[in-house]
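Below, all heavy atoms of this structure are taken into account, side chains as well, without hydrogens, waters or symmetry copies.
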Amino acid sequence: QAQLVESGGGLAQPGGSLRLSCTASGFSFSLYAMSWARQVPGKGLEWVSGIYSDGSHTYYADSVKGRFTISRDNAKNTLYLQMNSLKPEDTALYYCAKGGPDATMTFRDLSEYKLWGQGTQVTVSS
């Protein structure tokens, strides 16, 4: 059964850093584009960042560009999100999501993602 499990969330101070991980199982991880998205209670799901199946191309929402870095290790079936210079507005539940083949992806369209993890909470507060 295909599954995504996120970890690495927690409490960080403004200006601090966290690294999220997403471990995939039950499917051929290296064949699929992947993304991170986040949700604040009472608000809609926001796409954050995406990456090609081989890691060769990465994409970011304007709100995180220059602060967050997405990467993947296909040998470990793991997706990462390095978050630096964190702001209180980054507080959210963060999800990883499985996309499709690279050529089919716009990344920003959340309907492209058919498998989601359970989420990991990130709280940025002093």
Side-chain angles (χ1 to χ4, degrees):
Q1 181 178 353
Q3 189 176 13
L4 299 170
V5 179
E6 301 95 337
S7 61
L11 176 64
Q13 292 190 340
S17 298
L18 284 173
R19 189 175 84 153
L20 306 184
S21 298
C22 169
T23 302
S25 60
F27 66 97
S28 297
F29 179 73
S30 64
L31 297 182
Y32 296 94
M34 298 289 296
S35 277
W36 290 95
R38 65 187 182 185
Q39 188 165 28
V40 176
K43 295 188 177 181
L45 197 61
E46 176 192 17
W47 174 81
V48 172
S49 181
I51 188 168
Y52 265 26
S53 59
D54 64 356
S56 61
H57 292 72
T58 58
Y59 304 91
Y60 299 93
D62 288 344
S63 57
V64 307
K65 197 172 295 182
R67 300 188 298 120
F68 290 10
T69 302
I70 190 171
S71 63
R72 64 192 296 163
D73 185 336
N74 285 344
K76 295 183 177 179
N77 288 345
T78 303
L79 177 73
Y80 302 100
L81 186 68
Q82 178 67 43
M83 305 187 296
N84 298 331
S85 302
L86 283 163
K87 303 176 181 180
E89 51 263 45
D90 294 320
T91 295
L93 189 60
Y94 283 72
Y95 298 93
C96 64
K98 170 182 174 282
D102 296 337
T104 68
M105 298 293 294
T106 67
F107 287 95
R108 289 167 173 77
D109 182 354
L110 294 175
S111 69
E112 295 175 347
Y113 303 95
K114 307 303 183 185
L115 178 68
W116 295 81
Q118 83 290 346
T120 186
Q121 178 67 38
V122 171
T123 302
V124 183
S125 175
S126 56

*Step by step, would you call N84 with S17 a side-chain contact (heavy atoms from CB on, under 4.5 Å)?*
CA-CA 4 Å; N84 298 331; S17 298; 2.9 Å; yes
_side-chain contact (heavy atoms from CB on, under 4.5 Å) assessment of Q121 paired with T91_ = CA-CA 8 Å; Q121 178 67 38; T91 295; 4.0 Å; yes
*For D90 and M83, run side-chain contact (heavy atoms from CB on, under 4.5 Å): C-alpha distance rounded to whole Å, both residues' side-chain angles, the deciding distance at 0.1 Å, then the answer.*
CA-CA 9 Å; D90 294 320; M83 305 187 296; over 6 Å; no
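Electrostatic pairing of D62 and K65 counts as a salt bridge here, judged by a charged N lying under 4.0 Å from a carboxylate O.
When hydrophobic clusters are built by joining Ile, Leu, Val, Met, Phe, Trp and Tyr residues whose side-chain heavy atoms come closer than 4.5 Å, directly or via intermediates, Y80 is not grouped with L115. If you chain together hydrophobic residues whose side chains sit under 4.5 Å apart, L45 and L93 fall into the same group. Tracing side-chain contacts under 4.5 Å through hydrophobic residues (I, L, V, M, F, W, Y), one never reaches M105 starting from M34; they form parts of separate clusters. Following chains of ILVMFWY side-chain contacts shorter than 4.5 Å, one cannot reach Y95 starting from V5, and the two form parts of different hydrophobic clusters. By the criterion of side-chain heavy atoms lying less than 4.5 angstrom apart, applied directly or through intervening Ile, Leu, Val, Met, Phe, Trp or Tyr residues, I51 is grouped together with Y32 in one hydrophobic cluster.
Annotation: side chain of S49 is not in contact with side chain of T58 (no heavy-atom distance under 4.5 Å). Between S7 and T120 there is no side-chain heavy-atom pair separated by less than 4.5 Å. Side-chain contact check for Y59 versus T106: every heavy-atom pair is 4.5 Å or farther apart. Counting heavy atoms from C-beta outward, E6 and W36 have side chains that approach closer than 4.5 Å. Side-chain contact between K98 and L4 is present, with heavy atoms from C-beta onward closer than 4.5 Å. Contact of the L31 side chain with the S53 side chain is not registered, since no non-hydrogen atoms from C-beta on lie closer than 4.5 Å. Two residues are said to be in side-chain contact when any heavy atoms from C-beta on lie closer than 4.5 Å; F29 and L79 meet this criterion.
Closest of all the heavy-atom pairs between A92 and R38 is CB-CB, 3.8 Å. Across all their heavy atoms, G50 and S35 have their closest contact at CA-OG, 3.2 Å. Of all heavy-atom pairs between L20 and Y94, the closest is CD1-CB, 3.6 Å. Across all non-hydrogen atoms, the minimal contact from P101 to T104 is O-OG1, 2.7 Å.
Taken to the nearest 0.5 Å, the OG atom of S28 stands 8.5 Å off from the CG atom of N77. The structure places CG of L18 at 8.5 Å from CD of Q82, a figure rounded to the nearest 0.5 Å. Distance CG/L86 to OG1/T123: 10.5 Å, rounded to 0.5 Å. Within the model, atoms CG of L81 and OG of S21 stand 9.5 Å from one another, a figure rounded to the nearest 0.5 Å.
The closest donor-acceptor contact from the side chain of R72 to the backbone of Y52 lies under 3.5 Å.
Ring orientation note: the planes of W116 and Y113 are nearly perpendicular, at an angle over 60° on the 30°/60° scale. Between F107 and W47, the ring planes lie tilted relative to each other; the angle falls in the 30° to 60° range.
For the residue pair S63 and E46, a side-chain donor N or O sits within less than 3.5 Å of a side-chain acceptor on the partner.
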